[in-house]
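As structure tokens, the structure follows; a few thoughts come after it.
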Protein chains: 2
Amino acid sequence: MASEKIAGRGPGRPRDGEAEARILQAALRLLAEQGYTRMSLDGVAEEAGVSKPTIYRRWSSKADLATAALRTIQTSEPVVATGTTAGDLTAALQNFARSLLRPNGMSLIGTVLAEEGHTPELLALFRERLVANRRAQLLGILRRAQRGGELRAGVSLDAAVNLLVGAFYARYLASSTIPPGFARELVEVVWRGMAK
Amino acid sequence: MASEKIAGRGPGRPRDGEAEARILQAALRLLAEQGYTRMSLDGVAEEAGVSKPTIYRRWSSKADLATAALRTIQTSEPVVATGTTAGDLTAALQNFARSLLRPNGMSLIGTVLAEEGHTPELLALFRERLVANRRAQLLGILRRAQRGGELRAGVSLDAAVNLLVGAFYARYLASSTIPPGFARELVEVVWRGMAK
DNA sequence: GTCTCTTTACGATACTGTATCGTATCTAAA
DNA sequence: TTTAGATACGATACAGTATCGTAAAGAGAC
């Protein structure tokens, strides 16, 4: 059942084309929920409805699978244009807050940080796939404002991005919750601090 | 040798008073370096120079030991008074940066976040012992400024604390490094954003 | 004061049961 | 005949416990 086989090339039984996606999805979910060390391949196999060798035929190790799973995520942020710089920043940050509060949104960050010493590829990929995009989006908004002459001279855009994004991490670390209106408060302070 | 015995109560051989400290120290180091799941009691025993039963005589489980180890840390921040609010904030944040860049400073944060679903006591203790103190220190500086009439009305001190502290997390998550002058840049933006 | 008895903690080692990664072997599909 | 998949397995690591002989202390006998 379910053999949309794509590559009908060589002889032999073709691979289940859907298995790959199911495995990656299960791996990503378990990675986020349980962390890298607790994520077991037996668990992934069971959740994906395949057996372990089916996994090992596609990826050579647990680390290989985990990085492949991380590679599949991508911030697909709908870039909102509200008309004002402060509005754009707030909208982008509200998106960010939603993704953090998704189940295990912060646990995934935790596990890639905790594994920095042991499996540094995870942190590297996380940066490349998620962190970089998010920062680039905010940086884009700020650069536009800068070109439009809205900002004071000499203000550090990198510092501003770190302030805005980081405040959510700090808030979560302190209480696991983010109050409504939080993004607006942040933008209010930072914007006043860097605008002309 | 080495029997500073503290509790000379009942009969019997007294406990090695130094073993306790050695065990906790080893546990904390391994917890930060390897994360909770990778920290093994065999490893702790070896590093502390004791046997496993000696550990289990004092703590009932791995989680019990790990939380006891976390309980031993305490931010002993020397509160600096530079004369200006911005100066005090910058000094406090520079202290903070130093502690983050200590070996495995961020890994420890990572592991308590990653374990939130499985061993929530770790995150709870981390908040109580480290996060809360750090935030209280910054909040103290800001409140003093507020009483002194330096701040605009209606500005959220909580938001400011999150901005300042969080920027370091964001920066580390993006690149594992913190450039010199970072704290000053942050304070510059935030202070201008909230001062009268 | 000394000698023994009892009590408690110690280190070392071995063990139980389980979880895990990764693989060998067999079976099903093309 | 060739490849995919599934069951079963080997090897290892781990949490937690049990056992054995020993070290250190107090308590009582003399």
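Protein chains get the first letters and strands the later ones, always in sequence-line order, with residue 1 at the start of each.
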Salt bridge present between [X] and [Y] (N-O < 4.0 angstrom):
| X | Y | result |
| --- | --- | --- |
| B:D88 | B:R144 | yes |
| B:E20 | B:R58 | yes |
| A:D158 | B:R171 | yes |

Quick note, A:Y56 side chain, CB onward, closest among C:dC21, D:dA6, D:dA15 is C:dC21

B:P53 has its side chain closest, among D:dA15, C:dA24, C:dT13, to C:dT13

To the nearest Å, how far apart are [X] [atom1] and [N] [atom2]?
| X | N | atom1 | atom2 | value |
| --- | --- | --- | --- | --- |
| A:D42 | D:dT7 | CG | P | 12 Å |
| B:R22 | C:dG11 | CZ | C1' | 12 Å |
| B:E18 | C:dA9 | CD | P | 18 Å |
| A:R58 | D:dT3 | CZ | C1' | 12 Å |
| B:W59 | D:dT17 | CH2 | P | 16 Å |
| A:D64 | C:dC21 | CG | P | 14 Å |
| B:R57 | D:dA15 | CZ | P | 18 Å |
| B:I55 | D:dT17 | CD1 | C1' | 14 Å |

Suppose we call two aromatic rings close when their centres sit under 6.0 Å apart. Are A:F96 and A:Y169 close by that rule? yes

* Is the charged tip of B:K62 near the ring of B:Y56: under 6.0 Å from the six-membered ring centre and within 45° of its axis? -> no

C:dG22 base / A:K52 side chain donor-acceptor hit below 3.5 Å: yes

Using a heavy-atom cut-off of 4.0 Å across all strands, would you classify B:S40 as base, sugar-phosphate, or nothing? sugar-phosphate

Between A:K62 and B:S51, whichever has its closest DNA chain C nucleotide further toward 5' is B:S51

Note: contacts of residues 24-39 of chain B with DNA chain D (heavy atom, under 4.0 Å) are B:M39

Contacts satisfying salt bridge (Lys or Arg N to Asp or Glu O under 4.0 Å) that involve residues 179-190 of chain B (not counting sequence neighbours) are none

*asked:* With a 6.0 Å cut-off (strictly less than), is the heavy-atom count around CD of B:E46, excluding the residue itself, greater than 12?
replied: no

